[in-house]
There are 2 protein chains.
Amino acid sequence: MSNIKEVCRLSGVSTATVNRTLRHPELVKPQTREKVMKAVKETGYRPNWMATRFKRGKSNTIVVVVPNLLNPFFMQVIEGIEHGARQLGYNVLLGDSAGDPEIEHQYAAMALNGRADGLIQLNHTFPFSAEDEELGLNVPMISVCDRITDHKFPFIELDNFGAARAMTQHLIELGHTKVGIISGERTSQVYLDRLSGVIRALSEEDILFNNDWLVGDGYSYNTGVEGIKQLMSLDSQPTAVICFSDHVTIGAIHSAKELGLKVPDDISISGFDDITVAQYIDPPITTIRQPAFDIGNKAVNNLVNIIDNNPSPRLRDVFPYELIIRKSTGKVKET
Amino acid sequence: MSNIKEVCRLSGVSTATVNRTLRHPELVKPQTREKVMKAVKETGYRPNWMATRFKRGKSNTIVVVVPNLLNPFFMQVIEGIEHGARQLGYNVLLGDSAGDPEIEHQYAAMALNGRADGLIQLNHTFPFSAEDEELGLNVPMISVCDRITDHKFPFIELDNFGAARAMTQHLIELGHTKVGIISGERTSQVYLDRLSGVIRALSEEDILFNNDWLVGDGYSYNTGVEGIKQLMSLDSQPTAVICFSDHVTIGAIHSAKELGLKVPDDISISGFDDITVAQYIDPPITTIRQPAFDIGNKAVNNLVNIIDNNPSPRLRDVFPYELIIRKSTGKVKET
DNA sequence: TTGAAAGCGGTACCAC
DNA sequence: GTGGTACCGCTTTCAA
């Protein structure tokens, strides 16, 4: 790999001029410019990225910490991040934490030693460890899809309360009063917001929420499988079940069918996210669409603003949901 | 952010000693070591990553170029890459090319200016552009899941020929002789390998492959939807269809059902990849399992060996498939 | 066992 | 418009 001095030798100018030619060509006399460009071409010179970043004291890199790469919803958020980052001149370091706090810590630390300029966190757990407290104070950071409770970090999220409420209203309109939930992770704020959306919609119609119908604690297919088994083993069973992610819904529908139930004739099951496959499931899933790409895109933009010291005054950015009605929910069965 | 000099001041030693204490503690007198460590703690010193990498002339970073983040199969490969990279002390830069050669080129160029030490390519298109020819010569690079035809780059892939042959044999055992294909991208070597696996298995039983039954050119759900429509509009229709990815299979099953066909009673449909959702589809998909995580893991390991100048003598690494028989394939319908 | 010092390759200020 | 040069922060050689 050739360096700037090589170019100097060939073109007979100083490093300053070579640099100027490349960064501010308008300040260089055309003839000089040509000489330099010719030498650049001949040597195949490309400015050393490390040297440049080092000198400038900026990495133009952000870290994205994800709990799980296999969920298309997260990946769509990351698509949005990646797309935005590229447009803003940033690179994306992928940090698959697999839920391990130690790994999260490693990735988070990258923002402390100049490896990265900022951090996007797709989890709701923070600080990752006690030592990470300093992160929050010193590192541009933003939380997506979930809020970090009790900490003052900017975050971007769906109107989870409204979405859950709308889904519940949809079920009530279909005649359901016995509404169950297969929840996502209980430790998250998202869980609380969605739960209260459901309860609110029910209470607006004077329907009482039955706590026995609240099961599940995760986002996997198996959460749905087990959730349905659990709900269907109860003496009094819900006629409709809201799952907190489409993966859970897919597991739940599968499980319901295995128990001999017809969806939606015997039981209505709805989802969250509207991942692409939702429409190809049998029956196609009624769900809440999240603008995942836009959320990711907004996240980088806000993050880069923080990095550039133009932080948005607001801590919270909320995106609207969209209720997508398909075939996995239907009128309540007459009994 | 404090630097090494700060630590020098506080501990009263030279930069050399501070550095040694951190990198080769055994060479430093215990008392000195303590002094230094105390100063490190007090200042919260972390060696500047950019400076270190710059000085060492190595980025410890690899770029992964993916055509599509929404396919769980790719993502599982990337999980394997990420996991292996972390263990080897490397970071992963995510390059979502979205199939755009210009973007691929941008990411590929990172390996030419010291931004990254190497490149893993999950596509089969290369060179991305004419200028990228130099990449192949100068940059540690490895191709995964697909082979770059006509270029001498190391690659890692499934035994696609064997897998397609095994799947076809499975269908033949079920009595099928009319076997159709909904193909993945036709420009890829994977396509050719799988196609010839199917044809071979058929010819071994003296069954002729009908070219009208070869449709499709992609990996999306919609490829499957359209593929089935196309096959079912023929005068003579296949009784079994092999899809080249599970996404395609999911679309195909959905489409078949919409046409009023029962799977597998009226038509058998099989897949490739064994992504997690395959088992939750109705009917659960008969498919070829690819050891995606291991493939990714192997890829980084090989790549890092190349980076370290210990390239494996072999250009090709093949992983074994596993035939997973579920319910989307069944005995041929008597007519 | 420790310290002095020469870089790594660009960048950008300042002088001409 | 151009060139000389100090410097970013760390690493490592060499000498003490």
Side-chain angles (χ1 to χ4, degrees), chain A residues 1-40 43-61 89 109-117 138, chain B residues 1-40 43-61 89 109-117 138:
Chain A
M1 251 191 310
S2 58
N3 59 22
I4 201 169
K5 284 202 188 131
E6 197 99 346
V7 180
C8 291
R9 271 204 304 103
L10 249 110
S11 55
V13 299
S14 71
T15 63
T17 299
V18 173
N19 190 352
R20 256 190 303 258
T21 307
L22 263 27
R23 307 282 168 207
H24 312 282
E26 71 282 2
L27 301 178
V28 179
K29 197 162 61 173
Q31 301 141 25
T32 319
R33 213 188 296 159
E34 272 176 47
K35 260 194 316 190
V36 172
M37 292 314 289
K38 183 158 158 286
V40 166
T43 55
Y45 170 66
R46 295 164 183 265
N48 180 300
W49 192 91
M50 283 296 161
T52 304
R53 297 303 138 188
F54 163 52
K55 175 66 182 167
R56 297 225 251 249
K58 185 145 176 278
S59 67
N60 277 78
T61 302
M110 288 181 178
L112 286 172
N113 62 10
R115 171 77 186 93
D117 298 330
N138 306 322
Chain B
M1 246 188 315
S2 58
N3 59 22
I4 201 170
K5 281 198 191 134
E6 197 99 346
V7 180
C8 292
R9 271 204 304 102
L10 250 108
S11 55
V13 300
S14 71
T15 63
T17 300
V18 172
N19 188 306
R20 258 190 300 257
T21 307
L22 262 28
R23 308 282 169 206
H24 312 281
E26 71 281 3
L27 301 178
V28 179
K29 196 162 63 174
Q31 300 140 24
T32 317
R33 212 188 296 159
E34 271 176 48
K35 261 194 314 190
V36 172
M37 292 314 289
K38 183 156 160 287
V40 166
T43 55
Y45 169 66
R46 295 164 184 266
N48 180 300
W49 192 91
M50 283 295 161
T52 305
R53 298 301 137 191
F54 163 52
K55 175 65 186 174
R56 298 225 252 250
K58 185 146 176 275
S59 68
N60 276 80
T61 302
M110 289 181 180
L112 285 171
N113 63 9
R115 171 79 185 91
D117 298 329
N138 305 322

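To find a chain, count down the sequence lines: A is the first, B the second, and so on, and within it residues start at 1.
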Heavy-atom nearest nucleotide on DNA chain D for Ile4(B) versus Pro30(A): which residue maps closer to 5'?
Pro30(A)
Terminal axes of the helix from dT1(C)-dA16(D) to dC16(C)-dG1(D) (five pairs each): angle between them, nearest 10 degrees
40°
Consider the side chain of Arg20(B), meaning its heavy atoms from C-beta on, and name the nucleotide among dT2(D), dT13(D), dT11(C) that approaches it most closely.
dT13(D)
Does a nitrogen or oxygen in the side chain of Thr52(B) sit under 4.0 Å from OP1 or OP2 of dG9(D)?
no
Under 4.0 angstrom between Asn19(B) side-chain N/O and dC10(D) OP1 or OP2
no
Please tell me which of the listed nucleotides, dC10(D), dG10(C), dT2(C), lies nearest to the side chain of Val28(B)?
dT2(C)
Given atom CE of Met50(A) and atom C1' of dT11(C), what is their separation to the nearest angstrom?
17 Å
Do Val36(B) and Val13(B) have side chains that get closer than 4.5 Å, going by heavy atoms?
yes
Could you check which of dG3(D), dT11(D), dT2(C) has an atom nearest any side-chain atom of Arg56(B)?
dT11(D)
On DNA chain C, check which nucleotide each of Thr17(B) and Lys55(A) is closest to and give me the residue with the more 5' one.
Thr17(B)
In whole Å, I'd like the distance from the NE2 atom of His24(A) to the P atom of dT2(D).
14 Å
For the residue pair Lys35(B) and Val40(B), establish whether any side-chain heavy-atom pair is separated by less than 4.5 Å.
no
Which heavy atom of Ser11(A) sits nearest a heavy atom of Ala39(A), and at what distance?
CB-CB, 3.8 Å
Between P on dG10(C) and NZ on Lys5(A), what's the gap in Å once rounded to a whole number?
9 Å
How many angstroms lie between atom OH of Tyr45(B) and atom NZ of Lys5(B), to the nearest 0.5 angstrom?
11.5 Å
Just so I know, are the side chains of Asn48(B) and Asn113(A) near enough to count as touching, which here means a heavy-atom distance under 4.5 Å?
no
Given Met50(A), which of Arg56(B), Arg53(B), Lys58(B) fulfils the side chain to side chain contact (heavy atoms under 4.5 Å, CB included) condition?
Arg53(B)
OG1 of Thr21(B) to CZ of Arg33(B), rounded to nearest 0.5 Å, is 8.0 Å
For Val13(A), which contact category applies under a 4.0 Å heavy-atom criterion: base, sugar-phosphate, or nothing?
sugar-phosphate
Check whether any side-chain nitrogen or oxygen of Tyr45(A) sits under 4.0 Å from OP1 or OP2 of dG10(C), and answer yes or no.
yes
Test for a donor-acceptor pair under 3.5 Å between the base of dG10(C) and the side chain of Arg23(A), counting only N and O atoms.
no
CG of Asn48(A) versus C1' of dG10(C): gap in Å, rounded?
8 Å
Side chain Arg53(A) and base dG10(C) donor-acceptor under 3.5 Å:
no
Counting side-chain heavy atoms from CB outward, which of dG9(D), dG9(C), dT1(C) is closest to Ala51(B)?
dG9(D)
Does a side-chain N or O from Thr15(A) land closer than 4.0 Å to OP1 or OP2 of dT5(D), or not?
no
From dG3(D), dC10(D), dG9(C), pick the nucleotide closest to the side chain of Asn3(B)?
dC10(D)
